[in-house]
Amino acid sequence: MQINSTLGRVEKENAVLLIFTGGTISMSEDPANGALKPIDFDRLQEYMPELKRTGVKIKSIPFLPLIDSSDVDPALWERIATTIEENYEAYDGFVVLHGTDTMAYTASALSFMLENLAKPVILTGAQLPVGMLRSDAKENLLTAIEIATAKENGVALVPEVCIFFEDTLFRGNRTTKKNAEHFNAFNSYNYPALAKAGVHIKYFRTYIHYPTQGSALKVRTKVDRNVAILKLFPGITSHTVDAILNIPGLQAVVLETFGAGNAPRQFWFYDALKKATDKGILIVNKSQCGTGTVEMGRYETSLNLMSAGVMSGYDITTEAIVTKLMYLLGECANVQEVKRKLSISLCGEMTVG
Ligand code: ASP
């Protein structure tokens, strides 16, 4: 396939809104016990005088107190989405500074919440705090700002919710945190990179989604958190499966299966799933493998799942299916609409068919 690519330019007159939520990028060591904890927003700016040299008009909004992203919940996704909505006309792009631990969940949730997005929303962070000599914070942030302002003929080059880390730009709802130590913290196992940053930033337009011209941004932030993950392993007991499928108020389950979407063939397992789907609980089949797709019916071991009413999650990430379910359960008028939208890709989160 011919890949249509282009090199970006920094648009000096552009304006970027920086939304600070926290994460290692904004932490320093607590002298009392050596643990990393969030620092003041003012101190963060002191560490990055380069921000003034970008030529881009940057305004920042800190969400105080800055948090470790393990404390992120849907209220933060709503706050980011509405902040973008309120400031949408005034800025060319948005950069969200966020901890890496749950960044892929936030990027996925925002991709669903920001419908008809026509401007870049770039999430980034760092593996080492900004105040440390070898920190990756500056490069990540400065490149994210450049990407958020990149345009061709006045049109944003990457009008998507993305994660930029180390040297790669990923579609946000395709990413997973893969590394807790090295600077290349993220990967997108089932979708190609949208851009690579070296001497130049090279954008792969073939893989970037461009919205229909003229459709206005719609921000939808209602979520329903009654979602659970049921991860299979050899030897799992019926007590474990039943305990999860009978959680009071449960609306949907992400069933993490083996290989191409396979599961045990024992009757008790099928029966538990069937009883749950008969009660109206949605169950989505997501493979435990990072790369590849669920193929229901390829092996005998997934035929039972189909007859129990389990839906395919194709090649979606866990982060994207959890947030897609929360979003659809919160926003859709009825279960038919939820099911219909689960079986299609809403914003490039999965490859169907
Ligand atoms: N625990 C941190 C967080 O996710 C890790 C990081 O930022 O890299 O907030």
Side-chain angles (χ1 to χ4, degrees), residues 18-48 51 60-81 83 94-111 121-145 147-148 161-189 197 225 229 290 317-320 322-323 326:
L18 268 186
I19 299 172
F20 280 80
T21 69
T24 298
I25 194 164
S26 55
M27 292 186 187
S28 72
E29 268 180 8
D30 183 340
N33 56 17
L36 291 174
K37 63 173 202 178
I39 55 170
D40 287 343
F41 176 63
D42 289 345
R43 272 193 63 205
L44 185 67
Q45 283 182 305
E46 281 168 27
Y47 286 119
M48 290 208 198
L51 287 174
S60 39
I61 298 188
F63 285 1
L64 299 175
L66 299 175
I67 57 168
D68 186 296
S69 78
S70 300
D71 286 323
V72 162
D73 75 1
L76 184 98
W77 305 337
E78 177 175 359
R79 194 169 168 200
I80 299 172
T83 301
F94 301 83
V95 172
V96 181
L97 286 184
H98 193 290
T100 56
D101 290 349
T102 63
M103 190 186 288
Y105 286 91
T106 297
S108 299
L110 291 175
S111 74
V121 174
I122 314 296
L123 283 83
T124 195
Q127 292 283 60
L128 276 179
V130 64
M132 291 180 78
L133 265 186
R134 289 193 309 106
S135 175
D136 48 337
K138 286 182 190 175
E139 280 165 26
N140 285 349
L141 177 53
L142 293 171
T143 312
I145 291 170
I147 292 169
V161 178
C162 301
I163 288 183
F164 176 77
F165 227 85
E166 200 191 27
D167 61 354
T168 311
L169 184 72
F170 302 106
R171 173 171 294 161
N173 59 31
R174 290 289 194 152
T175 57
T176 295
K177 182 171 179 182
K178 65 158 189 186
N179 204 318
E181 187 182 348
H182 295 135
F183 289 152
N184 57 347
F186 290 90
N187 202 4
S188 160
Y189 291 97
R225 302 175 184 209
I229 298 176
T317 61
T318 297
E319 294 86 339
V322 165
T323 54
M326 285 187 186

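Quick note: numbers below take in every heavy atom, side chains included, and nothing from hydrogens, waters or symmetry partners. Whatever order the structure lists them in is the order used to number ligands and atoms, beginning at 1.
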>> With side-chain contact (heavy atoms from CB on, under 4.5 Å) as the criterion, how do Phe164 and Leu123 come out once you've worked through the C-alpha distance, each side chain's angles and the decisive distance to 0.1 Å?
In response: CA-CA 6 Å; Phe164 176 77; Leu123 283 83; over 6 Å; no
> Looking only at N/O atoms, are Ser70 and ligand 1 under 3.5 Å apart anywhere?
Replying inline: no
> Going through the distances and angles, do Ser111 and Asn173 end up as a side chain to side chain donor-acceptor pair (under 3.5 Å)?
Replying inline: CA-CA 7 Å; Ser111 74; Asn173 59 31; 3.1 Å; yes
> Which atoms from ligand 1 have a heavy atom of Gly23 less than 4.0 Å away?
Replying inline: 7 (O), 9 (O)
> At under 4.0 Å between heavy atoms, which part of Ala126 makes contact with ligand 1: side chain, backbone, both or neither?
Replying inline: backbone
> Does Arg79 make a cation-pi contact with Phe63, if we ask for NZ or CZ under 6.0 Å from the ring centre and within 45° of the axis?
Replying inline: yes
> Hey, which atoms in ligand 1 end up nearer than 4.0 Å to a heavy atom of Thr24?
Replying inline: 2 (C), 5 (C), 6 (C), 7 (O), 8 (O)
> Starting from atom 4 (O) of ligand 1, which protein heavy atom do you reach first, and at what distance in Å?
Replying inline: Ser69 OG, 2.5 Å
> Is Thr176 close to Glu319 at the side-chain level, that is, under 4.5 Å between some pair of heavy atoms?
Replying inline: yes
> Of the non-hydrogen atoms in Leu141 and Leu51, which two are nearest, and what is the gap between them?
Replying inline: CD2-CD2, 3.9 Å
> Does the side chain of Ile61 come within less than 4.5 Å of Thr83's, by heavy atoms?
Replying inline: yes
> Quick one: nearest non-hydrogen protein atom to atom 8 (O) of ligand 1, plus distance?
Replying inline: Thr100 OG1, 2.4 Å
> Any N/O of Lys177 closer than 3.5 Å to an N/O of ligand 1?
Replying inline: no
